[in-house]
Amino acid sequence: MLEEMRIRALGVIDDAVVELSPGFTVVTGETGAGKTMVVTSLGLLLGGRADAGLVRNGAERAVVEGRVLLPPGSPVAARALEAGAELDGDVLLLSRTLSAEGRSRAHVGGRSVPMSLLASLGEDLIAVHGQTDQQRLLAPARQRGALDRYAGASVAEPLVGYQQAYRRLREVGTLLEELTTRARERTQEADLLRFGLDEVAAAEPLAGEDLELAEESQRLGHADALSSAANLAHGALAGDPASPDALDAGTLLAQSRRALEAVRHHDPRLAALADRLGEVGYLLGDIAGDLAGYADDLDADPARLAAVEERRAVLAHLVRKYGSPDGGLAEVLEWAEDAAVRLTELDGDDDRITALETERQSLRERVSGLAAELTAARQAAAEVFAKAVTAELTELAMPHARVSFGITEADDFGPYGIDEVEVLLAPHPGTPPRPIAKGASGGELSRVMLAVEVVFAGADPVPTYLFDEVDAGVGGKAAVEVGRRLARLARTSQVIVVTHLPQVAAFADRHLVVEKTVDGTVTRSGVTTLSDTDRVRELSRMLAGLEDSELGRAHAEELLAAARTGVVPPNG
C-alpha cells in the first residue's frame with residue numbers, strides 16, 4: 001500500500017505531501033490546479049518516461065518520493081533487498097529525481113538502481129487505470145492480455161508449455177529453411193572441401209617436411225662449393241698429402257707444443273699453457289676428421305635435387321591454396337582437420353533434415369493441442385468476464401447493453417496461441433455485437449471501459465489501483481454508480497481516484513484537494529486532506545461552482561449522506 005508521496009518542483013506543484021490511506025482516496029481540484037501532476041508523479045515512481053519539461057521553471061530538479069508499506073513475505077521486498085535496497089521495517093522508500101537538463105535517477109531503499117528495476121517493482125505495486133489505458137485496451141492484443149490475466153492459472157499454466165514448444169517450433173523451422181533453401185550452396189561447399197581434402201591426401205604431407213626439404217635443397221644446390229670449402233679447410237688443418245712440405249695448422253701446433261714441453265717443469269704457468277695447447281690439438285684433430293667425413297658424405301646428385309624441388313613445388317601449391325606463407329605446411333594440415341569436420345557436418349545434412357522434420361511434426365501436434373487448451377480456457381473465462389462486465393453496465397445505466405468476447409482463429413500460431421480476441425458490445429437489444437471502439441458512443445465507451453477496468457482490477461493481485469478520470473463522459477445516476485463500484489473495490493484494495501465528479505468523490509473514505517495559489521508570476525499548488533466540513537464545501541464547488549452556495553451545500557450534504565447509506569439521491 002502507498003502510504004505517502006512527496007512532490008517537489010514538478011510542474012505547478014512547488015512542494016506537496018500526498019498522504020494516503022487504505023480504502024478509497026479521491027483527488028479533486030479545479031482545472032489546472034495540478035491533479036494531473038499527482039498522477040504524473042506516481043507514474044515517475046513507477047519508472048515511467050521522464051520529461052525535462054516537467055521540472056518547475058527556475059528549479060534545478062524535480063523530486064518525487066514515495067513510502068510503500070509491504071506485506072510480510074512480499075516478493076517486491078525480496079527483489080528490492082536482492083538489489084541492495086534497505087527496508088525500514090516493512091516500509092520501502094522509492095525516489096525519482098529529474099534534472100532540468102533531462103537526466104533522471106531512480107533510488108529504491110536508498111540505493112541507486114536502474115530505471116528498469118523501478119518499473120518492474122512498480123508493476124507489482126500499483127495498477128494505473130486511466131484514459132490512456134482505455135485507449136490501449138481498445139487494441140485486440142491488449143484485450144487478449146486482459147482476458148488472459150483475468151483467467152489466471154487456467155490460461156497461464158498451459159501458456160508456459162505452449163510458448164516453450166512454440167519457440168522450439170520456430171527454431172526448428174528456421175533450421176530447416178536454412179538447410180533446404182541453401183542446399184545448393186551447401187552442396188557446392190561440400191564438393192570444394194572434398195576436392196581440397198583429396199588434393200592434400202594425395203600429396204601426403206608430413207609435419208615439418210617443408211622445412212626439412214628447404215634445408216636439403218640448399219645443400220644439394222651448393223654441393224660443389226660446400227665440398228671445395230670443406231676440403232680446403234681440412235687441408236689447412238691436417239695438411240695436404242700432395243704437398244708434404246706445405247705448412248698446416250696441425251704441424252705448427254705440434255711445434256708450439258714441443259717447444260713448451262721442453263721447459264714446462266721450470267714454471268707452472270707455462271705448463272698450464274702447454275696443457276691448453278694439447279687440448280686445442282685434440283679439438284683440431286676432431287674438426288679435421290669431421291671435415292673429411294662431411295666432404296665424403298656430401299651428395300651432389302642432380303636427380304635428388306630435382307626430386308626435392310619437385311616435392312617442394314607440390315607442397316608450395318598446397319600452401320598457396322589452403323594456407324599462408326607465414327603459416328606454411330602446418331596451416332595446411334590444420335585446414336585439412338577443420339575441413340574434415342565441416343564435411344562431416346555437411347554430409348550429415350540429409351539425416352539432420354529428416355530428424356528435424358520429425359521433430360517439427362511432433363512440435364506442431366503439441367502446439368496445436370496446447371493452443372486448443374488455451375482457446376477452451378479463454379472461452380470459459382470470456383463467458384464469466386463478459387457476464388461480470390454486463391452486470392456492471394446494468395448498474396452504470398446501460399441495462400440493455402451486452403458485452404461478449406469474439407474469439408476467432410488466426411491464420412497461424414502466434415506466441416500466445418492461435419486466438420484473436422476482441423471485446424464486443426451490443427448497446428441495445430437487436431443490435432449486432434460490434435467491437436467496442438465502433439459499437440459505443442463516447443459516453444458509452446467510458447462506462448464500458450470503466451466496467452472492464454473494475455472487473456479486471458478485481459482479478460488483479462496488485463494491492464493499489466489508480467483511476468485517472470476514467471469516469472469522463474459519465475454523469476447523474478451513472479456517476480453515483482461509478483462511485484459505488486469504486487468504493488466496493490476499495491473494500492479489498494487501496495483505490496486512488498482522480499475525478500471531477502462530485503458523485504464519485506462523495507463515496508471516498510479520504511478526500512484530497514489540489515489547490516492553486518497565485519503569487520505574482522509564480523504558481524504553487526499544494527495537496528490538502530479535507531475535513532468533513534471542507535468536503536461539503538469542495539463538493540458544493542464541484543456541484544454548483546460555488547463553495548458557499550446554500551443550495552450547493554445542501555446538495556453536497558445529501559450526496560455525502562447517500563454515499564454513506566448507499567441510497568441514491570432522487571436527483572443524483
Side-chain angles (χ1 to χ4, degrees), residues 1-21 25-69 80 85-86 88 91-119 121-122 125-126 128 130-132 464 466-469 496-500 510-530 534 538:
M1 182 188 77
L2 185 61
E3 287 188 322
E4 180 181 283
M5 184 169 62
R6 183 171 186 182
I7 310 166
R8 286 179 288 177
L10 188 73
V12 298
I13 298 180
D14 180 34
D15 193 347
V17 176
V18 182
E19 296 181 354
L20 301 167
S21 62
T25 298
V26 68
V27 181
T28 65
E30 294 182 359
T31 301
K35 298 191 300 297
T36 301
M37 286 298 102
V38 175
V39 178
T40 301
S41 299
L42 197 51
L44 289 173
L45 275 185
L46 300 178
R49 183 178 178 181
D51 182 356
L54 295 172
V55 180
R56 184 178 175 83
N57 288 335
E60 294 182 359
R61 65 185 62 85
V63 180
V64 182
E65 299 169 322
R67 287 171 51 88
V68 181
L69 179 63
E86 295 182 2
D88 183 7
V91 174
L92 177 64
L93 300 179
L94 305 178
S95 176
R96 183 78 177 272
T97 302
L98 174 62
S99 72
E101 291 79 18
R103 293 187 299 273
S104 179
R105 297 181 62 186
H107 289 81
V108 174
R111 183 179 182 87
S112 179
V113 298
M115 210 64 62
S116 58
L117 175 63
L118 193 63
L121 297 179
L125 291 172
I126 303 173
V128 179
Q131 294 185 54
T132 302
T464 299
L466 170 67
F467 291 88
D468 178 21
E469 297 192 11
I496 305 169
V497 177
V498 178
T499 183
H500 65 283
R510 186 182 185 89
H511 193 147
L512 305 179
V513 64
V514 181
E515 297 177 315
K516 178 174 65 174
T517 62
V518 179
D519 181 12
T521 60
V522 179
T523 302
R524 293 182 174 85
S525 290
V527 182
T528 305
T529 303
L530 299 182
D534 292 333
E538 174 64 7

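Because the structure is predicted, anything quoted here is derived from the model rather than measured.
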Residue set satisfying side-chain contact (heavy atoms from CB on, under 4.5 Å) with Ala100, at least two apart, ordered chain then number -> Val55
Could I get the full list of side chain to side chain donor-acceptor pair (under 3.5 Å) partners for Glu4, not counting sequence neighbours?
none
Does Arg103 have any salt bridge (charged side-chain N to carboxylate O under 4.0 Å, His left out) partners at least two apart in sequence or in another chain, and if so, which?
Glu101
Side chains of Leu94 and Leu125 in contact at under 4.5 Å (non-hydrogen atoms):
yes
Just jot down the side-chain contact (heavy atoms from CB on, under 4.5 Å) partners of Ala52, sequence neighbours excluded, or say none.
none
For Leu530, side-chain contact (heavy atoms from CB on, under 4.5 Å) partners two or more places apart:
His511, Val513, Asp534, Arg535, Glu538
With side chain to side chain contact (heavy atoms under 4.5 Å, CB included) as the criterion, how do Val64 and Met5 come out once you've worked through the C-alpha distance, each side chain's angles and the decisive distance to 0.1 Å?
CA-CA 7 Å; Val64 182; Met5 184 169 62; 4.0 Å; yes
By side chain to side chain donor-acceptor pair (under 3.5 Å), Arg6 pairs with (sequence neighbours left out) Asp15
Considering only distance and modelled atom types, tabulate donor-acceptor pairs under 3.5 Å from the side chains of residues 38-51, sequence neighbours left out.
| unit_1 | atom_1 | unit_2 | atom_2 | d |
| --- | --- | --- | --- | --- |
| Thr40 | OG1 | Thr36 | O | 2.9 |
| Ser41 | OG | Met37 | O | 2.7 |
| Asp51 | OD1 | Gly53 | N | 3.0 |

Is a side-chain donor or acceptor of Arg56 paired with a backbone partner of Val12 at a separation under 3.5 angstrom?
yes
CD1 of Ile7 to CD1 of Ile13: how many Å apart, nearest 0.5 Å?
4.0 Å
State which residues pass salt bridge (charged side-chain N to carboxylate O under 4.0 Å, His left out) with Glu3; sequence neighbours excluded, sorted by chain then number.
Arg67
Are the side chains of Val527 and Val17 in touch, meaning some heavy atoms are under 4.5 Å apart?
no
With Glu19, which residues qualify under side chain to side chain donor-acceptor pair (under 3.5 Å), at least two apart?
Arg510
Identify, with sequence neighbours excluded, every residue that meets side-chain contact (heavy atoms from CB on, under 4.5 Å) alongside Ser95.
Val63, Glu65, Thr97, His107
Should Val27 and Val514 count as side-chain neighbours, where that means a heavy-atom distance under 4.5 Å?
yes
